[in-house]
Amino acid sequence: MIKLLRVDHRLLHGQVAFSWTTNLDVDCILVANDDVMVNDLRKTAIKLAKPSGVKLVIKSIQDSIQALNSGVTDKYNLLIVVESIADVKTLADNCPQIESINLGGTKSAPDKTQISKAIFLTENEKLQLKELLDKGIKIDIRMVPSDRKVDLETVL
């Protein structure tokens with residue numbers, strides 16, 4: 001069962017690893033990212049951030065889609081973390097069971113507009129998120145569970 005699908009450019013770190021897993025009673029974290037699969041340094045850093053007692057799985061985006069759609073992940077209380085809007089769009093477009101998305105943090109860049117404390121989006125990313133909203137997927141902005149939930153629609 002997907003407890004949370006989160007976009008966070010830092011992937012797995014203290015906030016995600018501890019506050020979200022505890023708050024949602026997560027027993028498995030899926031890091032869906034193509035680069036981490038081939039980058040041993042990033043893979044090691046992510047493994048170090050894993051809370052004890054929680055299973056960690058690192059898969060490419062396509063392998064994540066296959067795992068989610070095969071039902072193999074259904075037995076877990078699952079937290080999925082992706083790095084980018086493009087990745088979350090690909091997952092959501094290919095996994096009909098995804099009903100909601102949490103935006104936790106995206107990198108600042110000259111071509112991006114800041115829409116909240118930690119969310120910076122290009123015009124293309126805004127369009128991708130609007131497409132997901134139009135499909136009925138709920139999207140909120142929260143860095144940690146104790147933050148007030150902000151519906152993306154109110155700030156786009």
Side-chain angles (χ1 to χ4, degrees), residues 1-13 15-17 19-39 42-43 46 49-51 53-107 112-113 115-116 118-145 147-156:
M1 165 188 239
I2 299 171
K3 295 293 226 164
L4 184 72
L5 169 55
R6 178 179 172 85
V7 178
D8 193 323
H9 68 94
R10 300 169 293 176
L11 292 172
L12 193 60
H13 57 91
Q15 284 179 338
V16 171
S19 61
W20 284 107
T21 55
T22 301
N23 181 271
L24 298 173
D25 195 28
V26 166
D27 57 13
C28 183
I29 298 170
L30 169 60
V31 174
N33 184 274
D34 293 338
D35 179 63
V36 173
M37 289 299 303
V38 296
N39 186 323
R42 287 186 82 191
K43 195 181 292 184
I46 287 169
K50 180 192 84 66
V54 176
K55 180 180 177 73
L56 174 65
V57 178
I58 300 171
K59 291 188 174 290
S60 69
I61 296 297
Q62 285 306 313
D63 286 348
S64 296
I65 291 166
Q66 290 175 342
L68 291 166
N69 288 333
S70 75
V72 70
T73 61
D74 293 352
K75 62 185 173 187
Y76 297 108
N77 289 330
L78 189 63
L79 166 62
I80 306 168
V81 186
V82 299
E83 188 173 38
S84 68
I85 302 301
D87 287 349
V88 83
K89 176 89 166 66
T90 301
L91 273 182
D93 284 347
N94 290 283
C95 299
Q97 67 273 40
I98 292 173
E99 299 174 352
S100 64
I101 297 167
N102 165 254
L103 301 179
T106 58
K107 285 184 181 178
K112 293 186 174 191
T113 304
I115 65 163
S116 76
I119 303 296
F120 300 83
L121 301 172
T122 64
E123 289 305 312
N124 186 48
E125 289 170 334
K126 288 179 187 179
L127 289 173
Q128 290 176 319
L129 290 169
K130 285 179 184 171
E131 287 177 23
L132 294 174
L133 289 168
D134 289 345
K135 286 172 123 178
I137 295 173
K138 293 177 179 23
I139 305 174
D140 73 79
I141 301 169
R142 278 190 296 172
M143 290 181 70
V144 293
D147 286 350
R148 183 179 60 87
K149 186 186 284 191
V150 176
D151 288 329
L152 179 65
E153 291 173 296
T154 65
V155 294
L156 265 188

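From a predicted model like this one, the values you see are computed outputs, not experimental measurements.
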Could you give the distance from CD1 (I61) to OG1 (T90), rounded to the nearest 0.5 Å?
6.5 Å
Looking at side-chain heavy atoms only, is the closest gap between L12 and L56 below 4.5 Å?
yes
With heavy-atom distances below 4.5 Å as the criterion, would you say the side chains of L78 and L5 are in contact?
no
Please examine the side chains of S100 and D140, heavy atoms only from C-beta on, and report whether any two atoms are closer than 4.5 Å.
no
Per-pair distances, 0.1 Å, donor-acceptor, side chain in residues 24-33, under 3.5 Å, sequence neighbours excluded:
| from | atom 1 | to | atom 2 | distance (Å) |
| --- | --- | --- | --- | --- |
| D27 | OD1 | N77 | N | 2.8 |
| N33 | OD1 | D35 | N | 2.9 |
| N33 | OD1 | V36 | N | 2.8 |
| N33 | ND2 | E83 | OE1 | 2.8 |

Taking the side chain from K43 and the backbone from M37, do they hold a donor-acceptor pair closer than 3.5 Å?
yes
Just by distance, do the side chain of K50 and the backbone of V54 share a donor-acceptor pair under 3.5 Å?
yes
Check this for me: K55, atom NZ, are more than 12 non-hydrogen atoms of other residues, nucleotides or ligands nearer than 6.0 Å?
no
With sequence neighbours left out, what residues match D8 under salt bridge (Lys or Arg N to Asp or Glu O under 4.0 Å)?
R6, R10
Q97, CD: over 12 other non-hydrogen atoms inside 6.0 angstrom:
yes
About how many Å separate CD1 of I101 and CG of L152, when rounded to the nearest 0.5 Å?
9.5 Å
Using modelled atom types and a 3.5 Å cut-off, is there a donor and acceptor pairing between side-chain atoms of T106 and backbone atoms of F120?
yes
Contacts of type salt bridge (Lys or Arg N to Asp or Glu O under 4.0 Å), residue K126, not counting sequence neighbours:
E123
